[in-house]
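Notes follow the structure.
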Amino acid sequence: MARQQELLAEIRAIIHAAPLFQPVMPRTGKPFSVKMSNCGPLGWVSDIDGYRYQPTHPRTGEPWPAMPGMLLELWREHTAYPLPPQACLINWYEPQARMGLHQDRDEEDTDAPVLSVSLGDRCRFRLGTRERKGPTHSFLLESGEVMMLAGANRMAFHGVERIYPATSTLLGRSGRINLTLRRVTRA
DNA sequence: AAGTACCG
DNA sequence: AAGC
């Protein structure tokens, strides 16, 4: 719990420097229901032109804040990957926010696992296979849980079906923060 | 046309 | 209403 509070404080400082932005779907411009920011040398963004990783914030033009040491440690402890993560995507879910089924496929390095940390309210998470219409199952994810998508699951479709408001007091209000650590380039 | 981090 |  104290570790979660400590991590949350780091994330709040990051969001202060690199404000949450509202991504939109490529081509259609439809806004996502989640808000995003990033830390680390690269950040994931989505706008009318497409999905990509870039070194700067789309609105401020500033480099993303540094990745907190705690996250680098988590990566080292949980993945046995030789290279450090380059991007930490911060997804902010208001209670009504969702994330449709998708794959994380904008990374060159698809051997590196994807590591996710949940903070705040519980959510129902859905995990499938590498095929969009493959079978899926869903389960609860709660504050403090660390989930790794590796091996056969690295390219699995996944999404967030629902947030359960007021199921955690960590944030001081309803909502969920998900941190997703990724290695982007190969070397 | 597929495909889809949108949508129902 | 979720789970699909």
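These figures come from a predicted structure and were not determined experimentally. So that the names make sense, note that chain A is the first sequence line, chain B the second, and so on, each numbered from 1. No hydrogens, no waters, no symmetry mates; every other heavy atom, side chains included, goes into these values.
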Worksheet item: Do the ring planes of Phe125(A) and Phe139(A) sit parallel (below 30°), tilted (30 to 60°) or perpendicular (above 60°)?
Response: tilted

Item to complete: Please state how far atom CE in Met25(A) lies from atom P in dG3(B), giving the value in whole angstrom units.
Response: 14 Å

Fill in: P-based separation of dC6(B) from dA2(B) [nearest Å]
23 Å

Practice prompt. Let me know which of Arg27(A), Lys30(A), Arg52(A) forms a salt bridge (Lys or Arg N to Asp or Glu O under 4.0 Å) with Asp47(A).
Written response: Arg52(A)

Practice prompt. Report the distance from atom CD of Gln103(A) to atom C1' of dG3(B), rounded to the nearest whole Å.
Written response: 11 Å

Discussion item. Just checking Arg98(A): does its CZ atom have more than 12 heavy atoms from other residues, nucleotides or ligands closer to it than 6.0 angstrom?
Written reply: no

Practice prompt. Ignoring hydrogens and angles, state whether a donor on the side chain of Thr167(A) or Glu142(A) is under 3.5 Å from an acceptor on the partner side chain.
Written response: no

Item to complete: Quick one: label Asn178(A) by what it contacts on the DNA or RNA (base, sugar-phosphate, nothing), any heavy atom closer than 4.0 Å.
Response: nothing

Worksheet item: Counting heavy atoms not belonging to His16(A), are there more than 12 under 6.0 Å from its NE2?
Response: no

Worksheet item: Roughly how many Å is it from CG in Leu101(A) to C1' in dC7(B), rounded to a whole number?
Response: 12 Å

Item to complete: Calculate the interatomic distance between His102(A) atom NE2 and dC6(B) atom P; express it in whole Å.
Response: 8 Å

Can you give me the N/O atom pairs linking the protein to nucleotides 1-4 of chain C at distances under 3.5 Å, or say none if there are none?
{"from": "dA2(C)", "atom 1": "OP2", "to": "Arg162(A)", "atom 2": "NH1", "distance (Å)": "2.4"}
{"from": "dA2(C)", "atom 1": "O5'", "to": "Arg162(A)", "atom 2": "NH1", "distance (Å)": "2.8"}
{"from": "dG3(C)", "atom 1": "OP2", "to": "Arg124(A)", "atom 2": "NE", "distance (Å)": "2.9"}

Practice prompt. Figure out the CE/P separation between Met99(A) and dG8(B), and round it to whole Å.
Written response: 17 Å

Fill in: Geometric cation-pi criterion, Arg176(A) with Tyr93(A): 6.0 Å, 45°
yes

Worksheet entry | Distance in angstrom units between Lys133(A) NZ and dA2(B) P, rounded | 13 Å

Discussion item. Rounding to an integer number of Å, can you tell me how far Asp49(A) CG sits from dT4(B) C1'?
Written reply: 17 Å

Fill in: Integer-rounded Å distance: dC6(B) P and Gln96(A) CD
13 Å

